[in-house]
Structures are given as C-alpha cells and as structure tokens.
There are 2 protein chains.
Amino acid sequence: MSNDEKIYQKILKAIVEHQLPPGARLPEDRLSEAFGVSRTGIRKVLQRLALEHFVVIARNKGAQVNHPSEDEALEVLDSRILIEPQLIAGVQRSWNPEQSERFRDLVDEERQAEQAGDMASSIQATARFHYELAQLAGNNVLASFVEQLCYRSSLVIAAYGTRSSVSCDCGDHSQLLDLLDDGQPKKAQAWMKHHLQVIKASLILESQEEQHIDFQRLFKD
Amino acid sequence: MSNDEKIYQKILKAIVEHQLPPGARLPEDRLSEAFGVSRTGIRKVLQRLALEHFVVIARNKGAQVNHPSEDEALEVLDSRILIEPQLIAGVQRSWNPEQSERFRDLVDEERQAEQAGDMASSIQATARFHYELAQLAGNNVLASFVEQLCYRSSLVIAAYGTRSSVSCDCGDHSQLLDLLDDGQPKKAQAWMKHHLQVIKASLILESQEEQHIDFQRLFKD
DNA sequence: AAGGTTTTAATTGTATACAATTTTAGGTGA
DNA sequence: TCACCTAAAATTGTATACAATTAAAACCTT
C-alpha cells in the first residue's frame, strides 16, 4: 500500500471513530509533522477526504472535519435505504456456506468490540459488514458507493447518533445471515430496509462542543 | 468559480465529449502549458478526475483517460437502472408547470444539438437532463451520485456506444415529461427503467485506436 | 474598559527545484 | 535484422520557498 494511502486510512479512521470530531480543524503543518511528510502529501490526502465529504475545505481557511447538516445526515441514510435492500437479491445468488462463515466471523468481531466497549472498532466492523455484503452483489460501482455511504454514516452517527445506534444493534446482523442461510431473499431484503430505517430513526439532532487535539500523539505510531 | 474548477470542467468536458478519447495520455507538462498554471494545480485536478474514475493514474506513469472495462460499463448502467427509476416518485411530488417548462427547454437543447450533428453538446445536454431530474427528488447525496454516473455513462458511450445511443433517443425524453405532466409516476418510473435498459443494450463491445492530441490547441480559449 | 485600527503571526495557495522512475533512443554483438 | 544492453530524455514524486490571505495580538482612542 502506498504511503499516501496509509495516511488517508489513518485520518479517515480517526474521523470515523470520532477521535477527530466533526468541526475539528486539520492544519496542514501539524499533520505534516505528525506523519513526517511534507505538506504536499497532506494536501493530496485532505483533498481526497474533501471530495468524499469527510472534511470540508474552505479557500484560504483550510480543512476541518465535516459536520454533516441534518439534511445531509438524513440523505445519507435515505440513500442507503434506497440502495442496500436492492442489493440483497444479488447477495442471495452468490450466497454459500463459506460466505456465511465469513460473515459470522465479522459479526463476532462486532460483538466483541461492542462488549469491550471499543466503540471505534465496533463502528469499523459494522461498516465493513455492510460494505462486504454489498460487494457480494457483484456490482463494484455500487459497492464502492455503499462503502462511502457506510463511512459517512459513521460520521453522521458521530454527530447525531445515540449509544445504541453506534453498535447498529449487533444481534440484528446475525438475523440477516440466518435469513440468507434459509434462502429467503424477500425477507432478507425487508429486514435490511427495516434495519436501516431503525438506524435513521435513532438519530437525534443536537450539536456538540469543540476540543483540543494533539496530532503528534494521535498519530504517533 | 475557482480557477481549478474551470480547468477541471474543461478537461472533463473534453473527456466526456471524447475529444480526449479513452486511453489518451495526459502529461502534466503539456496540460500546465496549455492552461498556463504550474503542475501543482494540474495534479490536483487530475487526482480529482481519478477519484471520479474519469482518468486512471498509475504510479510514476501518470494519468490517462479511463478506458472503462466491459464490466465497468455494464455496472455503471446497472447502477443507474437501480437508482434513477426509484427517484421518479420524488420527482413527481415536486413536479409543476415551471419544472415541466424548464425540462422541455432542456429537451429542445438536446434536439437542436442532435440535429446539428454536435455530438458533444448532445451528450452534455442528455447528462444534464438526467442529473437535473435526479435533483428534483430532493436527495442531494443521491443526485450527485447520479450526476457522476451520467458523466461516466458518457465515457462508457464514448468507448462502447453506437451513434444512436449517444443521443439517448431524444424523442424519448419528452415522453417522460408527458407522463409526469399527466401525473403517472408508476408509468414514468417504468419508462425510465426501460429507457436506461435500452441504452445499456445498445452498447457494443469493441475498442478503438489511439491518436495524437494537441493540448495547446484543444484548450487555447 | 470597550471598540476599532494597525501590526504581527499563523496558515494556506502556487510555483519551482531536485530526486526517482520510466520511457525512448542508440549502439553493440551475434 | 534482431535481441539485448546502455545512455539519454522525458515524466512523475516530493520537498521547499515565497506570495497571498486570514486569524490573532497589540495598541491606541475615546
């Protein structure tokens, strides 16, 4: 993996796990120190994050973690509600015992992270579950769009989520696997739609305060 | 509009209208000469185009116009088939005489461009029709995804399209407007799905040869 | 002390310089 | 002539320098 990609992944992770909360500023100097590369490389990463709506760049003012508006938050979830259930049919077609096992493992990961109280890992695992499921449908264009939406959802939850919506109610995911194992795509599709609607409904709409971040320490490893 | 944005628009236009055909190389030097800015600005634009899949950047080898694989071509159209018909319900909700008139104008533009044999303008107008329609549904996240898919479709058509698929069969678009005027969202939705399926079916799968491009001349204005 | 103005510092925007890599061209021997 | 190797040119990757802009601080003035 390229060096840029590593930096991108680390910053994205920090945002999605809201170690870098919505609204946090991302000065190029600090980041270039923290990662040991020049501003050139940092700018490249920041611009990518901006195109993917994880940060917002204002001319001559720099980047800060996007604080999604209420509209944006709802639109992200609505987009998932429109797309993901429709992918289930394709998932069912390529479903087999190995897939089932693979996804059971993912659910276990979620469950462990949740029980350990590690919200960060929990969020990541949940997003990965949805993304890898989307991949199974066989359309890479849609899958990568779903991937982006999953990560944006993590940001939305960081801004508007409740404790329960973070974990996406882990038991739920294994229910979906049961339905796929039983070969019931209609029910699986309905389940997925309902699942996402529950997450959307669990959002509450209030903002939160700023805080200081030690970039050197956050990215020390 | 920022200077970067202008450059981005111009290069994207040239790609979508396949003045820059799939596979064409985009050396940073030539572009920076042509646009009168340093390579820094050009690289920024190229990286954006790469994230949007309009160009492909290979490490130490630079950018070239993406030549979508057959799989990618089909996936782009399938994505639109999955999304765009579902937006019609929302379009119908916000439909009114002013909207109707606005879109009639767009169809006229398409028709004129087509009759003038101006394939470039025709492609642009068609993409705009679909994009602006998507915007009416009121979900900006999905609308901007549809926008990207429309432009990617233009690239797909440049690579695999027939003469007829370029124009997207202009008469068709006014049929959709008629259905919306009559308040028949179900039929309009079915029509949209069929319309996109026709475009997908019209793709033929064969490549095409390279050619020399004079960047100075192409972007002289 | 409050408000506003000027000065200073911090931050981003853009161009350029140099290193690393790839591509092309040229040449040598079989 | 062809393959192969070497040298030159072209191209991209990254860091740095300086200009432009914005944010912060200091300094009056009332």
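Quick note on labels: first sequence line is chain A, next is B, and so on, each numbered from 1.
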Quiz item: Taking the side chain of A/Lys44 as its heavy atoms from C-beta onward, which of D/dG13, D/dT14, D/dA10 lies nearest to it?
Solution: D/dT14
Quiz prompt | Residue B/Arg43, side-chain atoms from C-beta onward, closest of D/dG13, C/dA10, C/dT12 | solution = D/dG13
Nearest-Å distance for atom pair [atom1]/[atom2], residues [X] and [N]:
X	N	atom1	atom2	value
A/Ile42	C/dT11	CD1	P	15 Å
B/Gln64	C/dT23	CD	P	11 Å
A/Leu31	C/dT11	CG	P	11 Å
A/Asp29	D/dT22	CG	P	18 Å
A/Asp4	D/dT12	CG	P	16 Å
A/Lys6	D/dT14	NZ	P	12 Å
B/Glu33	D/dA10	CD	P	12 Å
A/Glu28	D/dC18	CD	C1'	15 Å

Between [X] and [Y], is any pair of side-chain heavy atoms under 4.5 Å apart?
X	Y	answer
B/Cys150	B/Arg80	yes
A/Leu31	A/Phe219	yes
A/Pro22	A/Leu155	yes

Quiz item: For A/Gln99, what residues pass the side-chain contact (heavy atoms from CB on, under 4.5 Å) criterion, not counting sequence neighbours?
Solution: A/Trp95, A/Asn96, A/Phe103, A/Leu136
Quiz item: Got a sec, which residues hit side-chain contact (heavy atoms from CB on, under 4.5 Å) with A/Ala63, two or more places apart in sequence or on another chain?
Solution: A/Leu26, A/Leu46, A/Val55, A/Ile57
Self-check item: Selection residues 134-152 of chain B - residue pairs positive for salt bridge (Lys or Arg N to Asp or Glu O under 4.0 Å), sequence neighbours left out
Solution: B/Glu72-B/Arg152
Quiz item: Just wondering, are more than 12 heavy atoms of other shown residues or ligands nearer than 6.0 Å to CZ in A/Arg104?
Solution: yes
Exercise. Please identify each residue that fulfils side chain to side chain donor-acceptor pair (under 3.5 Å) with B/Ser154, with sequence neighbours left out.
Key: none
Practice problem: Please list residues of residues 50-61 of chain B whose heavy atoms come under 4.0 Å from any atom in DNA chain C, ordered by number; otherwise none. | Solution: B/Asn60, B/Lys61
Quiz item: Should the pair B/Glu109-B/Arg128 be classified as a salt bridge under the 4.0 Å nitrogen-to-oxygen rule?
Solution: yes
Mind listing the N/O atom pairs, protein and nucleotides 15-17 of chain D, below 3.5 Å?
{"residue": "D/dA15", "atom": "OP2", "partner": "A/Ser38", "partner atom": "N", "Å": "3.1"}
{"residue": "D/dA15", "atom": "OP2", "partner": "A/Ser38", "partner atom": "OG", "Å": "2.9"}
{"residue": "D/dA15", "atom": "N7", "partner": "A/Thr40", "partner atom": "OG1", "Å": "2.8"}

